[in-house]
Structure formats: C-alpha cells, structure tokens
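Comments concern the structure below.
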Protein chains: 2
Amino acid sequence: MKEKQKSEETRNRILEAAEECFTRYGYDSTGVAEICNTAGVSKGALYHHFPSKQAIFVEMFETWMRSFVAEMERIRDSAASVPAALLRMVKMTGLIFQTAAGQLPLFIEFLTKASRDPETWKATIAPYKFFRKFFADLIHQGIEEGTIQEVDPERIAKIIVAYGAGLVMQGVFDPEGGRWVDVGVQGIRLILKGIIKEGTG
Amino acid sequence: MKEKQKSEETRNRILEAAEECFTRYGYDSTGVAEICNTAGVSKGALYHHFPSKQAIFVEMFETWMRSFVAEMERIRDSAASVPAALLRMVKMTGLIFQTAAGQLPLFIEFLTKASRDPETWKATIAPYKFFRKFFADLIHQGIEEGTIQEVDPERIAKIIVAYGAGLVMQGVFDPEGGRWVDVGVQGIRLILKGIIKEGTG
DNA sequence: TGGATTAGACCGACCGGTCGGTCAGTTAGT
DNA sequence: ACTAACTGACCGACCGGTCGGTCTAATCCA
C-alpha cells in the first residue's frame, strides 16, 4: 500500500508544481523540464502519471472550474433573493482577484489557444455556455419570485456575463487600478436598477 | 527612387502577411518562415526590415490601436450628446466583430504575453489607461452638458470599459452566440438609465 | 519463512523537430 | 565602385516526448 500512497503524492506534487509554473510563466513558456525541476521529479515520472503536458493543464483547469461553479451554486442557493445573490456573486469575484489573480492570464491564454483548435474548443466553451445558462436561469428565477421585471433572461444573462468577464479582465490587467470589487458592485447595482421590480430590495 | 519604392512595398507585404498569419494561427504558432512564405520573401529580407518577430507584431498592434482610437474620437466629436455618443460607440464595436473578429484573440494573446514581461507591460496598458481616461472625460463632459447625473466619472468609466471588454471577449469566443451588437446596446442603455438625467434622450 | 518473480514507480540520457535569428554572399539601382 | 535590398543555408537553443534501464514493494511458491 505504501507505493500507491507515494505514487499519488508524486502525482499531486506534479500538479502543484505545474500550477505554480504555469501561473508564473504561462503555458507555452513553461517547459516540461521546469515542471519536473519544481516538483523534484524526473521527466519519466511526469510522463508516467500524465499522457501529455496539455493533459496536466486540462486537469488543472477542470478542477479550478469545478470549485468555482460549486461556489456560485452555493451562493445562489443560500441567498434570500435573486438580486441579493447577484450582488454576492460580484463580491465573490473580488475574492478571486485576491486568491487566484495570477491564474487568470493563464486561463485566458488557454482560451486563445483553444480557439485555434476546434477539438478543444467545444470542451472549452462548455463552461462558458454553462454560466450563461446559469445566469439566464437565475434571472428567470428572479422573474418568478417577483423581484425582477419581465425581461429576456438570455439577453440579461449575456450582459451580466459580459460585465463579469470584463471586470475580471480589468482586474487581471490592472490590479492596482482601483477597488475592483466596489466597481463590480456598483455596475451590478446599475444593471439591477434597470431590471428590478420597484419596492423590492 | 525605384529601390525605395520596392523596399517599402516589401515591408508592407511582410506586414500584411504577418497580420494574416498571426490572425490565422496566433502569435506563437506562427513561425517567421511562415510569414516569409506568405509574403513571398526571404528570411533575410524580413530581418532586413524588422529587428525581430515581436517588432512586427508591435507595429501591427500600434497601427490597429491608432485607427481604433481615431474612430472613437470621431464619434465623440460628431455626436449630439454624451449618451448618444456612447450608444454609437457600442454599435461601432459591432463593426469590429464583423471586420476584425479574427484579430481579437490575437490581441488577447498579446496581452497575456505582455503580462509576463514588465518591460512590454507599461506600453501595453497605456492604451487601456487611455480608454479609461477617454470614457472618464466623456462622462465628465456629460455631467457638464447636463445629460448625466453627478456621478464619479472614473468609476463609471471603469464600468463601461469592463462591459465593453467583456462584450468583445464574448463576441470573440462565441461569435455565433447571438446578436452581440444588440446585447451591447441594451447593456449600455441599462447603464445609461442608471446615470442619465431625467428628461433627456 | 524466505528466496524468486513480477509489476509498477521512477530515472535521465536522448531524439526528432522547430524556431528565432545570423551571415556570407548575390543582385541591382545610383 | 558603392550601397541598400535581398537570398537561403545554417546555427544553437530549446522543447515535448520516448525508451531502456533501475529500484523497490508486493506477491507467489516451496
């Protein structure tokens, strides 16, 4: 049994080292050798645990995405109303800036890379489509609970996702540029103001 | 004089070929040899006209940026009011999707690349800061002309830039996903609705 | 129980290929 | 004759991935 434990430890070390290197240097600029050095592991070991460099990245990406989605769902299910949930979600993106700001350029790098490869592409936009549906459902829920006007949920979802994505991008590219959480909150307030039903908070 | 003409022609051919290749394959995946083939020019010629691959890209980037900025200023100076100008500017981003959609992943790729290199970085965020100032000034102008409430121009500029950037990203990554111009217009309308002074259009 | 056998974890030199960039040499305009 | 424009073979660095081999823990068999 000891061997299996050690094996899994090595695998995790590789994953962690990869995350560190990718975050610091980007995907392309990180050599497999660099990952191996950081993990204190040989190339053979790396290719024993993963079929390719890309596979390592994809696993990272999926793990990251899963935890992000889980957090969003947690907020949605625990908030008192849809507008309140939206507000709390923007605040959460603020947390992202603090804890994982370095990973976002990497994420974008992956997106651009995937955009050239039709195979990877479908898998990549899946989470994006998920979020659009996520917000569309949320808006729909708001309409049903009576806190939001009878707008087109799809349309509003696109606006919200656009705003969120842009916010994240600005946060990434100009971390010192201001209190992005506050900007985020005010922007969502502005959007909410336009679609909310009077008399609700 | 004939030589100088030919030289400039070659230079432009290289620039055009580079734009084509970069747009099609991305920056990293485009080899200098590929650019040379497309331009029908030898490697030596390319390095006679440009000091490096990156220099070619930077020149492309700056040219593109200049024309974009010029267009924005043209709209600003010819619109009847600030809200009207904003609305026309979103519509313009729609044109971008049509005419230069392929270049945007490239633009983003460059951003991520630049984010790792402190030297390139300052030059890269310069246009971004420019746009924030551009919109802040615009909002300020709107306040002075009496069409916009007394908001914080900087803050609103950040919201607008975030929304615009996110819109562009969505347009890039999901071109088939909907009528992005309409989404853009409605989003800006929503934002405007929150900051506009009553009784103006 | 203990020696033999097996299988998986791991090592690191090595490979084929690519890429950005160079340079000695050729051509053609002035 | 001189120079700018241009050629293309070539260089060294690098990179993702491979492969023959080593070590060790688990398993089998007598």
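Just so it is clear: chains get the letters A, B, ... in the order the sequence lines come, proteins before strands, and each one is counted from 1. Computed from a predicted structure; not experimentally measured.
Note on residues 129-142 of chain A: pairs passing salt bridge (charged side-chain N to carboxylate O under 4.0 Å, His left out), not counting sequence neighbours, are A:Arg132-B:Asp174, A:Lys133-A:Asp137. Here side chain to side chain donor-acceptor pair (under 3.5 Å) pairs that include residues 25-35 of chain B, with residues two or more places apart or in two chains, are B:Asp28-B:Lys113.
Within residues 41-48 of chain A, the residues having any heavy atom under 4.0 Å from DNA chain C are, by residue number, A:Val41, A:Ser42, A:Lys43, A:Gly44, A:Ala45, A:His48. For residues 11-38 of chain B, proximity to DNA chain D is found at no residue, defined as any non-hydrogen atom under 4.0 angstrom from a strand atom.
B:Arg66 is linked by a side chain to side chain donor-acceptor pair (under 3.5 Å) to nothing, counting only residues two or more places apart in sequence or in another chain. Taking B:Glu20 as the reference, B:Arg24 meet the side chain to side chain donor-acceptor pair (under 3.5 Å) condition, with sequence neighbours excluded. Residues satisfying the salt bridge (Lys or Arg N to Asp or Glu O under 4.0 Å) criterion with A:Glu59, sequence neighbours excluded, are A:Arg11. Qualifying salt bridge (Lys or Arg N to Asp or Glu O under 4.0 Å) partners for A:Glu145, counting only residues two or more places apart in sequence or in other chains: none.
In this structure, the NZ atom of A:Lys6 is 10 Å from the C1' atom of D:dA25, given to the nearest Å. Atom NE2 in A:His49 sits about 8 Å away from atom C1' in C:dC10, given to the nearest Å. Separating the NZ atom of B:Lys53 from the C1' atom of C:dC19 is a distance of 8 Å, rounded to the nearest angstrom.
B:Phe134 and B:Phe131 have perpendicular rings, their planes meeting at more than 60° on a 0 to 90° scale where under 30° would count as parallel.
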Can you give the donor-acceptor pairs under 3.5 Å from side chains of residues 155-169 of chain B to other protein atoms, not counting sequence neighbours?
unit_1   : atom_1 : unit_2   : atom_2 : d
B:Arg155 : NH1    : A:Gln186 : OE1    : 3.0
B:Lys158 : NZ     : A:Gly177 : O      : 2.9
B:Tyr163 : OH     : B:Val183 : O      : 2.9

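For the pair A:Thr10 and C:dC10, the criterion of a side-chain N or O lying under 4.0 Å from OP1 or OP2 is met.
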